[in-house]
Engineer: 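Following this message is one structure expressed as structure tokens.
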Protein chains: 2
Amino acid sequence: MKDERFCNSHCPFTRAIGTIGNKWKPIIINVIGTRTIRFGQLDAIIPHITRKVLTEQLKELEEDGLLERMAYKELPPRVEYKLSEKGLAFLPILEAIKVWNLKYEVVTMP
Amino acid sequence: MKDERFCNSHCPFTRAIGTIGNKWKPIIINVIGTRTIRFGQLDAIIPHITRKVLTEQLKELEEDGLLERMAYKELPPRVEYKLSEKGLAFLPILEAIKVWNLKYEVVTMP
DNA sequence: ATTTGTAGTTACTAAATAGTAACCAGTATA
DNA sequence: TATACTGGTTACTATTTAGTAACTACAAAT
């Protein structure tokens, strides 16, 4: 997120929302989970995301220390991503969101 | 969120992110907490938010069933907001985010 | 008669986020 | 020689989100 009012807030909770409070990051973190995964796989697995947005979000996640990026000097290139300790520690929160949603979401059948 | 790919996703987790995955909603939910609060108070307490954005977000939170809005027919008008059961059930998740942030955030002193 | 107070709304503009399509490197394979 | 492969980048456009300032209603107090 570029909003400096969030990222430089004196409130730690606001800063936390500044790093994970958007729509793509929780999705990406959830898809990675506990595995090591390549860029192309993420691109293929996550519905609707574009390579541009995926690149941007991965970069921010890495900067914020949730993600580790390993680039192998091969051809064609291979780049692997996995969650850091910080990123892994966020997974239970995503699980809690799933449970919460399951319990309270009102499903409207179209 | 207006992104229909999130709100109409077949994946419940993606839909959940569609309702709370933005920067303002976690902040608003956290500020309301367990109390009953008026529009003007929210506007005063939440840093940087504008009345326009606050109105929009409150409306969406109400539509998604996280929030209850009580309008009293007085003059000047009085409107009170409080979290629904669903909204209250989301508070522990926000607490978990605070704990997570406290443990893992790397604080850079400017 | 004017100001105060509340909870907004409206029209317009600005900024942030996302989408599209083309392009790159360098080796391997057809 | 041309194409594929991977993990991007770039330039440009479109959409979404947010900010600004003015305005509304109605009653009470000044």
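Per chain, numbering begins at 1; letters A, B, ... match sequence-line order. Just so you know, these numbers come straight off a predicted model, no measurement behind them.
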Engineer: How long is the straight-line distance from CG of A/Asp64 back to NZ of A/Lys25, given to the nearest 0.5 Å?
Structural biologist: 6.0 Å

Engineer: Rounded to whole angstrom units, what separation is found between the CG atom of B/Asn22 and the P atom of C/dA15?
Structural biologist: 21 Å

Engineer: Would you say B/Ile97 and B/Leu102 are hydrophobically clustered, going by side-chain heavy atoms of ILVMFWY under 4.5 Å?
Structural biologist: no

Engineer: Remember a base hit wins even if backbone is also touched, and classify B/Arg51 as base, sugar-phosphate or nothing at under 4.0 Å, heavy atoms.
Structural biologist: base

Engineer: Just to be sure I understand the rule, does B/Lys73 reach a base, reach only the sugar-phosphate, or reach nothing, if contact means heavy atoms closer than 4.0 Å?
Structural biologist: nothing

Engineer: Only one of B/Arg78, B/Arg38, B/Lys82 forms a side-chain contact (heavy atoms from CB on, under 4.5 Å) with B/Met70, so which one is it?
Structural biologist: B/Lys82

Engineer: Tell me which nucleotide among C/dT6, D/dG8, C/dT17 gets nearest to the side chain of A/Phe39.
Structural biologist: D/dG8

Engineer: Side chain of B/Thr50: nearest nucleotide among C/dA7, D/dT20, C/dT17?
Structural biologist: D/dT20

Engineer: Which whole-number value in Å describes the distance from B/Lys25 NZ to D/dA18 P?
Structural biologist: 9 Å

Engineer: For A/Glu74 and D/dT6, give me the distance from atom CD to atom P, rounded to whole Å.
Structural biologist: 12 Å

Engineer: Should the pair A/Trp24 and B/Phe6 be assigned to parallel (<30°), tilted (30 to 60°) or perpendicular (>60°) ring geometry?
Structural biologist: perpendicular

Engineer: Side chain of B/Lys52, heavy atoms from C-beta onward: which of D/dT17, D/dG8, C/dT10 has the nearest atom to it?
Structural biologist: C/dT10

Engineer: Of A/Lys59 and A/Leu75, whose closest DNA chain D nucleotide lies nearer the 5' terminus?
Structural biologist: A/Leu75

Engineer: Among A/Ile27, A/Asn30, A/Val53, A/Ile32, exactly one meets side-chain contact (heavy atoms from CB on, under 4.5 Å) together with A/Ile46. Which residue is that?
Structural biologist: A/Ile27

Engineer: Which heavy atom of A/Ile17 sits nearest a heavy atom of B/Asn22, and at what distance?
Structural biologist: CG2-O, 4.4 Å

Engineer: Heavy atoms only, 4.0 Å cut-off, all strands: where does B/Tyr81 land among base, sugar-phosphate and nothing?
Structural biologist: sugar-phosphate

Engineer: Once you round it to whole Å, what is the distance between P of D/dT16 and NZ of A/Lys23?
Structural biologist: 9 Å

Engineer: Would you kindly confirm whether A/Val99 and A/Ile20 end up in one hydrophobic cluster when ILVMFWY residues are joined by side chain heavy atoms under 4.5 Å apart?
Structural biologist: no

Engineer: At how many degrees, to 10°, do the end axes of the helix from C/dA1-D/dT30 to C/dA30-D/dT1 meet when each uses five pairs?
Structural biologist: 30°

Engineer: A/Val79 or A/Arg5: which one's nearest nucleotide on DNA chain D is closer to the 5' end?
Structural biologist: A/Val79

Engineer: Output yes when at least one side-chain N/O atom of B/Arg78 is less than 4.0 Å from OP1 or OP2 of C/dA7, else no.
Structural biologist: no

Engineer: A/Gln57 near the nucleic acid: base, sugar-phosphate alone, or nothing, with a heavy-atom cut-off under 4.0 Å?
Structural biologist: sugar-phosphate

Engineer: A/Asp43 has an atom CG; how far is it from atom C1' of D/dG7, in whole Å?
Structural biologist: 10 Å

Engineer: Rounded to the Å, how far apart are A/His48 NE2 and D/dT16 P?
Structural biologist: 14 Å

Engineer: Select one nucleotide: of C/dA18, C/dG26, D/dA18, the one nearest the side-chain heavy atoms of A/Trp24.
Structural biologist: C/dA18

